[in-house]
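Sequence lines set the chain letters: A, B, ... in the order given, protein chains first and strands last, and positions in each chain run from 1. Keep in mind that this is a model prediction, so the values were computed, not measured.
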Amino acid sequence: MIDPKLLRQSPDAVAANLARRGFTFDAAAYDVLDERRKALQVETESLQAERNASAKKIGQAKAQGADIAPLLAAVQDLGERLSEAERALKSAQADLSAIELGLPNLLADDVPDGADETANVEVRRWGTPREFDFAARDHVAIGEGLGLLDFDTAAGISGSRFAVLKGGLARLQRALIQFMLDVHTSEHGYTETYVPYLVQAHALVGTGQLPKFEEDLFRTATETPFYLIPTAEVPLTNFARDRILSADELPLRLTAHTPCFRSEAGSYGQDTRGMIRQHQFEKVELVHLVAPSESDAALEALTGHAEQILQRLELPYRVVALCAGDIGFGARRTYDLEVWLPGQERYREISSCSNCGDFQARRMKARYRNPETGKPELLHTLNGSGVAAGRALIAVMENGQREDGSIEVPPVLRPYLGGAGEITPEG
RNA sequence: GGAGAGAUGGCUGAGUGGUCGAAAGCGCUCCCCUGCUAAGGGAGUAUACGUUAAUAGCGUAUCGAGGGUUCGAAUCCCUCUCUCUCCGCCA
């Protein structure tokens, strides 16, 4: 959520910033609503003050044994007027809040201009794509060739956009996950966590998926609905919900491996082949909760942590600064890591690292006590994939493929596979 | 799933209809005293919103959440959520 004070004081600056995303903020309409809210609030509060004063007077009169009948008569219709004012105020506040919750985050000033991913700016590149002396296959051909990747069985169970992994491939994905968690916890200072995969709506409002993007989520049919997490960012960032952390708890670095569930509504026809875009995938997520002055540096650090994974897996990648039109709803700045996929002969997103500033913190009242002022202030939240395990599996398969159909395993993963250096049909 | 108990400020914990935003203790901050790895005295110490030049004043709201009764609710009633205890079930 954007600071409502800023919406009132500098509506044009807000509108200009959001326009870079292609988002139209109707500052005039907001102002009309807010003026209405203000008037109703003043009215309501003055009626409340009147009620409080008269109640006090009646109490005193009663204590002294005086006749309170005239006092009661004087406030006869106060309750009715007050509850009417309160009702109107509540509805005005709900209208405003609906607008506020629907506004995307303000972009950092140096986010590149552009409407879509074609305007993203490459920041750096690591590694050199391998030259193949045979026709490189994609992960579908490799996996099915090994007999370890099975979309038909998955379709029979769950329909499209699901996969079944078997034997060595299933194990390879588990190795990737464990490797990532080990690096982040032992070398990058993260606390490993295990978190709920089903969350309630308020948690998703906190991180920004709700109320606007409900169609991207899976929801249970229980009386109070649960949502399946689309990313561990949701439970991890909500660790700070409604809390005032002390400064010495910061920075908080959290990591978790979780499955992620996305309905992929609106992506019909995109990436329909293979495991690139599934309803369910595994991911190791990184979340930072930091003091505001630290968040710019934290994004660089977090991105570096994700890069470490790709470097140690010897996977060529590039870092891309997302342009204004491609940055997600809650982020003020985002770097994507794109890994080289020989099967597609292009770089594909494998991690997205974002600084959300105080946008999510304001939604979930996540604060810390600033030691300089002694006052609670909003935290800054950051999140990034470190990295998406399903796509990392694809990258390892495609980059490590051999002409005979087997897969060479990156050396750092071998300890997790009982020392095995390759994936073969035997599994 | 059944029965019972509970939810108060950073923490512990009083408060069962009126001057309670809320006793007391702890913690924390500042000051004084002390001249010493300690103790003592004093003051202060929630958040949000509105008004405002103002983190000054003033007003309003908040005692798990939402409704209700009442001139007036932390206190009474209803619903819900969560926690704890016992029983049942279960990985």
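Distance, A:Lys62 NZ to B:U70 P: 14 Å, rounded to whole Å. At whole-Å resolution of the value, CG in A:Leu82 and P in B:U70 are 14 Å apart. When rounded to the nearest whole Å, the span between CG of A:Leu40 and P of B:A61 equals 16 Å. In this structure, A:Arg51 places its CZ atom 10 Å from C1' of B:C71, rounding to the nearest Å. Between the P atom of B:G9 and the CZ atom of A:Arg243 lies a distance of 15 Å, rounded to the nearest Å. Computed from coordinates, the A:Gln48 CD to B:A61 P distance equals 5 Å when rounded to whole Å. Rounded to an integer number of Å, the gap from A:Tyr194 OH to B:A91 C1' is 12 Å. What separates CD of A:Glu86 from C1' of B:G68 is a distance of 13 Å, to the nearest Å.
Between A:Glu43 and A:Arg81 there is no salt bridge, since no side-chain N of the basic residue sits under 4.0 Å from a carboxylate O of the acidic one. Under the 4.0 Å criterion applied to side-chain N and carboxylate O atoms, A:Arg36 and A:Asp95 are not assigned as salt-bridge partners. Using a cut-off of 4.0 Å between Lys/Arg side-chain N and Asp/Glu carboxylate O, A:Glu422 and A:Arg414 are scored as not salt-bridged. Under a 4.0 Å N-O distance rule, the pair A:Glu264/A:Arg277 qualifies as a salt bridge. Of the charged side-chain nitrogens involved, none lies within less than 4.0 Å of a carboxylate oxygen, so that A:Arg348 and A:Glu398 do not count as a salt-bridged pair.
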Using atom types as modelled, flag every donor-acceptor pair under 3.5 Å from a side chain in residues 198-211 of chain A to any protein atom, sequence neighbours excluded.
{"residue": "A:Thr207", "atom": "OG1", "partner": "A:Ala203", "partner atom": "O", "Å": "3.2"}
{"residue": "A:Thr207", "atom": "OG1", "partner": "A:Gln209", "partner atom": "OE1", "Å": "2.6"}

Determine all donor-acceptor pairs shorter than 3.5 Å in which one atom belongs to a side chain in residues 378-393 of chain A; sequence neighbours excluded.
{"residue": "A:His380", "atom": "ND1", "partner": "A:Ser295", "partner atom": "OG", "Å": "2.8"}
{"residue": "A:Thr381", "atom": "OG1", "partner": "A:Gln360", "partner atom": "OE1", "Å": "2.6"}
{"residue": "A:Asn383", "atom": "ND2", "partner": "A:Glu233", "partner atom": "OE2", "Å": "3.3"}
{"residue": "A:Ser385", "atom": "OG", "partner": "A:Ser352", "partner atom": "N", "Å": "3.1"}
{"residue": "A:Arg391", "atom": "NE", "partner": "A:Ile276", "partner atom": "O", "Å": "3.0"}
{"residue": "A:Arg391", "atom": "NH1", "partner": "A:Glu349", "partner atom": "O", "Å": "2.8"}
{"residue": "A:Arg391", "atom": "NH2", "partner": "A:Ile276", "partner atom": "O", "Å": "2.9"}

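The ring-ring contact (aromatic ring centres under 6.0 Å, His included) test applied to A:Phe281 returns no partner, not counting sequence neighbours.
Comparing the P positions of B:C58 and B:G21 gives a spacing of 15 Å, expressed to the nearest Å. For B:U70 and B:A65, the P atoms lie 23 Å apart once the distance is rounded to whole Å. B:G13 sits 36 Å from B:C32 when the P atoms are compared, rounded to a whole Å. Look at the P atom in both B:G66 and B:A53: the space between them is 33 Å, to the nearest Å. A gap of 13 Å separates the P atoms of B:A22 and B:U60, to the nearest Å. The C1' atoms of B:A73 and B:C86 are separated by 34 Å, rounded to the nearest whole Å. Using atom C1' as the reference point in both B:G42 and B:U34, the two lie 15 Å apart (nearest Å). Here the separation of B:G67 from B:G10, taken at their P atoms, is 23 Å to the nearest Å.
For RNA chain B, each stem of at least three Watson-Crick or G-U pairs (distances under 3.5 Å) is given as range with range: B:1-7 with B:81-87, B:10-12 with B:24-26, B:27-32 with B:40-45, B:46-51 with B:57-62, B:64-68 with B:76-80.
Of all heavy-atom pairs between A:Phe151 and A:Phe162, the closest is CD2-O, 3.4 Å. The nearest pair of heavy atoms linking A:Leu289 to A:Leu250 is O-CD2, 3.5 Å.
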**Complete:** Whether each nucleotide of nucleotides 78-83 of chain B has a protein heavy atom under 4.0 Å at its base (B), only at its sugar-phosphate (S) or at neither (-) is summarised, 5' to 3', as ------
**Message:** Output one letter per nucleotide in nucleotides 46-52 of chain B: B when a protein non-hydrogen atom lies under 4.0 Å from the base, S when only the sugar-phosphate is that close, - when neither is.
**Reply:** -SSBSS-
**Request:** Please report the C-alpha distance between A:Glu100 and A:Ser97 in whole Å, then the side-chain angles of each, then the deciding distance to 0.1 Å, and finally whether the side-chain hydrogen bond (donor to acceptor under 3.5 Å, both in side chains) criterion is met.
**Result:** CA-CA 5 Å; A:Glu100 287 161 2; A:Ser97 149; 5.3 Å; no
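The shortest distance between the side-chain N/O atoms of A:Asn52 and the OP1/OP2 oxygens of B:U60 is below 4.0 Å.
Aromatic rings from A:Phe261 and A:Tyr197 are positioned such that their centres are separated by 6.0 Å or more.
Comparing A:Ser46 and A:Gly59 by the nucleotide of RNA chain B whose heavy atom lies nearest to each, the residue mapping closer to the 5' end is A:Gly59.
With respect to A:Glu282, the side chain to side chain donor-acceptor pair (under 3.5 Å) criterion is satisfied by exactly one of A:Arg174, A:His257, A:Gln173: A:His257.
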